[in-house]
Protein chains: 2
Amino acid sequence: MRGLDDTDRDILRLLLEDARRPYSDIADAVDLSAPAVSDRVERLGEIGLIEGFTLDLDRSMLREGVPVLIELRTRPDTGAVADGIDEAEAVEHVFRTAEGTVLVIAHVDQRNVREFLAEHADLATIEEIDVRLLADSEWTPQLGTGELAPECAECGNTVTTEGETATLDGDVYHFCCQSCQSKFVDRYEELAAGVED
Amino acid sequence: MRGLDDTDRDILRLLLEDARRPYSDIADAVDLSAPAVSDRVERLGEIGLIEGFTLDLDRSMLREGVPVLIELRTRPDTGAVADGIDEAEAVEHVFRTAEGTVLVIAHVDQRNVREFLAEHADLATIEEIDVRLLADSEWTPQLGTGELAPECAECGNTVTTEGETATLDGDVYHFCCQSCQSKFVDRYEELAAGVED
DNA sequence: CCTGAAACGCCTCCGTT
DNA sequence: AACGGAGGCGTTTCAGG
């Protein structure tokens, strides 16, 4: 495993601006060959930094109900509530704060928020609901000067430049060291063997 | 001007999933030819619905400070404050509610939020600041069954399926009817003539 | 507004350094 | 890791309905 270098960051920045830009153009810009860019983009996808290529839409042009901000205070069951709501259509963002508030950005009929919530979450776990109309929202896709910081799948530590990787059933896992990797893989294989019995 | 039809929505949905998907693949899926898909995508870009092609990144893998939610209550000067903050690096989202609260999702050092704000907004206009750590955030790019709803550049009404379009200095404007269009264009040309004098 | 053919350009696989 | 060439697609332009 390698960290992000300046070339990776340049490639990301260029793709952030236009994800359909030809790799050969990017190659010129970062002084590399097109195959090299292709390889790097693939690697950035494999490690999970690039989750995909998508569109930046002007959602204000789509009238799918009123944009609202829903703020929920839940009993300490936040994760499940947040996940359930994220499944719903018309939901664009779900933010979960450290102290247990869930913020939802969605397009719904404001008078039906309660109904909407009832369909996707257990109302009993929700202590407080606050709904506000959104006047405006901006999204700024950009890249800081950040370093790459995946977590070790075994011990949770930050994986540095010299970590290990394993692919199990198509999923990629990162490890801070060889021992964490073998420990994890052994346990995984034991589990897989158990299923077959 | 045409509204969105089902084919447009299918194309958008496919591109949201993978913006680098070949137009020929999309063409197969929606039963059209590749050039027709290309034309439609271009049109969706021209009317401003597609703002661009971009990446979906796992920002938790980039350590650029701590993800925080900043909530601001401002004197009724919300727009300027929101715009100023959106300029800042490390800011991902700015939401503005109807009643004047600004919500900012950013990666900053939590102890320096005040400093951070001072650099990008006039502190005198901010009455209240609330900062919360973010534990988790989900983004689900999706499309409702929404119709296309641009506004008439002249009167502000919603432009229906039979509106007009004009291109002035490379920018595309939409109008609900011919009279709005000619009114706008005349005024524009008068203005342009004034500048030359 | 669409199709179909054809020209052009882009991506990726491979052998090599 | 990256380059360069070659093959195979993908995109776009153009003529025609």
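To find a chain, count down the sequence lines: A is the first, B the second, and so on, and within it residues start at 1. Please read these numbers as outputs of a predicted model, since none were measured by experiment.
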Whole-Å gap separating P (dT12(D)) and CG (L32(B)):
15 Å

Between dA1(D) (P) and I11(A) (CD1): distance, integer Å
13 Å

Note: R75(B)-D122(B) ion pair, threshold 4.0 Å (strictly below)
no

For D39(A) and dA1(D), what is the distance between atoms CG and P respectively, to the nearest whole Å?
10 Å

Rounded to whole Å, how long is the line connecting atom CG of L44(B) with atom P of dC1(C)?
11 Å

Is the closest side-chain heavy-atom distance between D8(A) and D5(A) below 4.5 Å?
yes

note: R43(B), atom CZ; dT12(D), atom C1'; distance rounded to Å ~ 19 Å

To the nearest angstrom, how far is R40(B) atom CZ from dT11(D) atom P?
17 Å

Determine whether I70(A) and L103(A) fall in the same hydrophobic cluster, where Ile, Leu, Val, Met, Phe, Trp and Tyr are linked whenever their side-chain heavy atoms lie under 4.5 Å apart.
no

Strictly under 4.0 angstrom, non-hydrogen atoms only: write out the protein contact profile of nucleotides 9-15 of chain C, one letter per nucleotide from the 5' end, B, S or -.
-SSBB--

Considering all heavy atoms of both residues, which atom of A121(B) and which atom of V81(B) are nearest to each other, and what is their separation?
CB-CG1, 4.2 Å

Strictly below 4.0 Å, N to O, side chains only: are D10(B) and R40(B) in salt-bridge contact?
no

Spacing of D31(A) atom CG relative to dC3(D) atom P, expressed in whole Å
8 Å

Keeping T54(B) on the side-chain end and L16(A) on the backbone end, is there a donor-acceptor pair under 3.5 Å?
yes

